> 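Below is one structure. I have some questions about it.
Since we're looking at a predicted model, the values are computed, not measured. Labels below follow one simple rule: chain letters A, B, ... track the order of the sequence lines, proteins then strands, and each chain is numbered from 1.
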2 protein chains.
Amino acid sequence: MAYQHPESKRAFKNQLYEQLARIGKALASPHRLELLDLLAQSERSVEELARETTLPVATVSQHLQILHAARLVDVRRRGRQRRYRLASGEVVRLWLALRRTGEAHLAELEHLVSTWLPERRHWPALSIDAALELLQSGRALLLDVRPRDEYASAHLPQARSLPVAELAAHLSELPRDCEIIAYCRGPYCVFADEAVALLRAHGFRAWRLEVGVPEWQERGLPIIQAQAAERSVL
Amino acid sequence: MAYQHPESKRAFKNQLYEQLARIGKALASPHRLELLDLLAQSERSVEELARETTLPVATVSQHLQILHAARLVDVRRRGRQRRYRLASGEVVRLWLALRRTGEAHLAELEHLVSTWLPERRHWPALSIDAALELLQSGRALLLDVRPRDEYASAHLPQARSLPVAELAAHLSELPRDCEIIAYCRGPYCVFADEAVALLRAHGFRAWRLEVGVPEWQERGLPIIQAQAAERSVL
DNA sequence: CAATCATTCAATTATTCTATTGAATATCAA
DNA sequence: TTGATATTCAATAGAATAATTGAATGATTG
């Protein structure tokens, strides 16, 4: 019979929400959110994550273990490294949902962007739809300006890899007779802003795509992913 | 120009993730998750929430203020009550994403359900699609077995309100020549389980719908909502 | 087998969070 | 204005969390 005493219902609910709060607790630190954000681009070693976040390696390791205990990330060995990655697309959706909730309700976020990225006022970012239209009509070139290993892990169809650090050295290879669309990790990454600024300073018609790979994929659009062999071998 | 010094990039990121962690921290307590789950059904007063969660009123009030500081909930006055509700549909999506992440990765959740709701093995729950098919062909009656005020706040199209507590008294009004589909707050609510058990014990052909109103709405399906006047008047 | 490298562990301290209690405030009704 | 009701506030003690440091582990390379 399904009838239960009120006290036992309470015990069930307590255990239920306690389990779910394991995930909530894992999301309760700015450093861990940054780690999730980075891992949404590609798997990484502890050391790589420490370098990108400017945190001590031991601190990153401990945060990763908290994320792992909440089952938000997986680990595998590769040589003497341990490479961490998000446990699944569910985790990407959770992170994006958290970020969108912030964008919807935290006025401070807008303020941060307008303070630190004031040049975004000059040129509007391209939406996914606007970019798709330009690309499908052949009037634009798509640049992935993230580091090469992130491109290798997953990138948008038709995208060419040209990390922003190498952009200045390759300007002569870029076309002047079409639009150039640059994308990076997502709306809070500055790589594409920097690329667009450099390109425009040299007379190119450049635009920033307002999303990155995770948002593109969440929209149900196809991406080019590294083979499973490269991602999970041994 | 968009070029920034590495240190100032770091300062921007620190502030960015610190803001987003306000939301993560709000999700870090089992009690607050239960409050969000309840508010996903309908707005409620502090006292109502305290009664449902069996927590002291002052404790609930403090948790609500934490949720409010993270902008996950809104308040309005109604008489001498303050009625809290989720700030927007984004918050619903965030909560559902967190819950789904738990379902995907926390084995303990499955274990909890099989321990506390063992009767779920007997009769499979109806998916949204299965329910839609039955309902559209007229071969089923849809019962909302939640408390009446939650039905009033929002319910599925075609649903009749019959709270599980009143079900036993109204059995004679229910049809025996079609399927009966009962739904409640969602997959972890037991109202529909109880309703199905009672109905089957009396010979009805009853089924539990595996989702509630929030999941139905997230799927993009229509719901019947209380008028704005009822929801937000003075 | 020793050396190196990447990562984790363990112990400490400082900080933040949580629940509880009783008092304070604010609103409505008589 | 008084009393009742709903909620918040303030103070506290206990618990959990975070960052730091240096040592320990474990796999790979020479």
> Could you tell me the separation between the CZ atom of B/Arg22 and the P atom of C/dC17, rounded to a whole number of Å?
13 Å
> May I ask you to evaluate whether A/His63 reaches the phosphate of D/dT17, defined as a side-chain N or O under 4.0 Å from OP1 or OP2?
no
> Between P on C/dT7 and CZ on A/Arg77, what's the gap in Å once rounded to a whole number?
10 Å
> What is the separation between atom CZ on A/Arg76 and atom C1' on C/dA6, rounded to the nearest whole Å?
15 Å
> Side-chain N or O of A/Gln65 less than 4.0 angstrom from OP1 or OP2 on C/dC9?
yes
> What I want to find out is whether A/Arg208 reaches A/Glu119 closely enough, with some N-O distance under 4.0 Å, to be called a salt bridge.
no
> What's the CD-P distance between A/Glu47 and C/dT7, to the nearest Å?
6 Å
> Below the 4.0 Å mark, does D/dA6 have OP1 or OP2 next to a side-chain nitrogen or oxygen of B/Arg78?
no
> For a quick test of reading the model: is some side-chain N or O of B/Arg83 closer than 4.0 Å to OP1 or OP2 of D/dA6?
no
> On DNA chain D, nearest-nucleotide positions of B/Arg82 versus A/Arg82: which is more 5'?
B/Arg82
> Looking at A/Ser153 and A/Asp149, would you say the former's side chain and the latter's main chain have a donor-acceptor pair under 3.5 Å?
no
> Could you give the CZ-to-P distance, from A/Arg32 to D/dA16, as a whole number of Å?
16 Å
> From B/Ser42 OG over to B/Leu86 CG, what is the distance, rounded to the nearest 0.5 angstrom?
9.5 Å
> For the pair made of CG in B/Leu49 and P in D/dT7, what is the distance, rounded to whole Å?
9 Å
> Side chain of B/His31 only, heavy atoms from C-beta on: which candidate in D/dC9, C/dT18, C/dA19 is closest?
C/dA19
> Does a nitrogen or oxygen in the side chain of B/Tyr84 sit under 4.0 Å from OP1 or OP2 of D/dA6?
no
> Using whole Å, what does the distance between atom C1' of nucleotide C/dA6 and atom CZ of A/Arg44 come to?
17 Å
> Both B/Lys25 and A/Val46 contact DNA chain C. Taking the nearest nucleotide for each, which residue is further toward the 5' end?
A/Val46
> Could one point to a donor on the side chain of A/Gln62 or the base of C/dA10 with an acceptor on the other under 3.5 Å away?
yes
> Between A/Arg80 and A/Val57, which is nearer to the 5' end of DNA chain C once each is assigned its nearest nucleotide?
A/Arg80
> Using a strict cut-off of less than 4.0 Å between a Lys/Arg side-chain nitrogen and an Asp/Glu carboxylate oxygen, indicate whether B/Arg185 and B/Glu52 qualify as a salt bridge.
yes
> Spell out, as yes or no, whether a donor-acceptor pair under 3.5 Å connects the side chain of A/Tyr183 to the backbone of A/Leu156.
yes
> Output the rounded distance in Å from CG (B/Leu55) to C1' (D/dT7).
15 Å
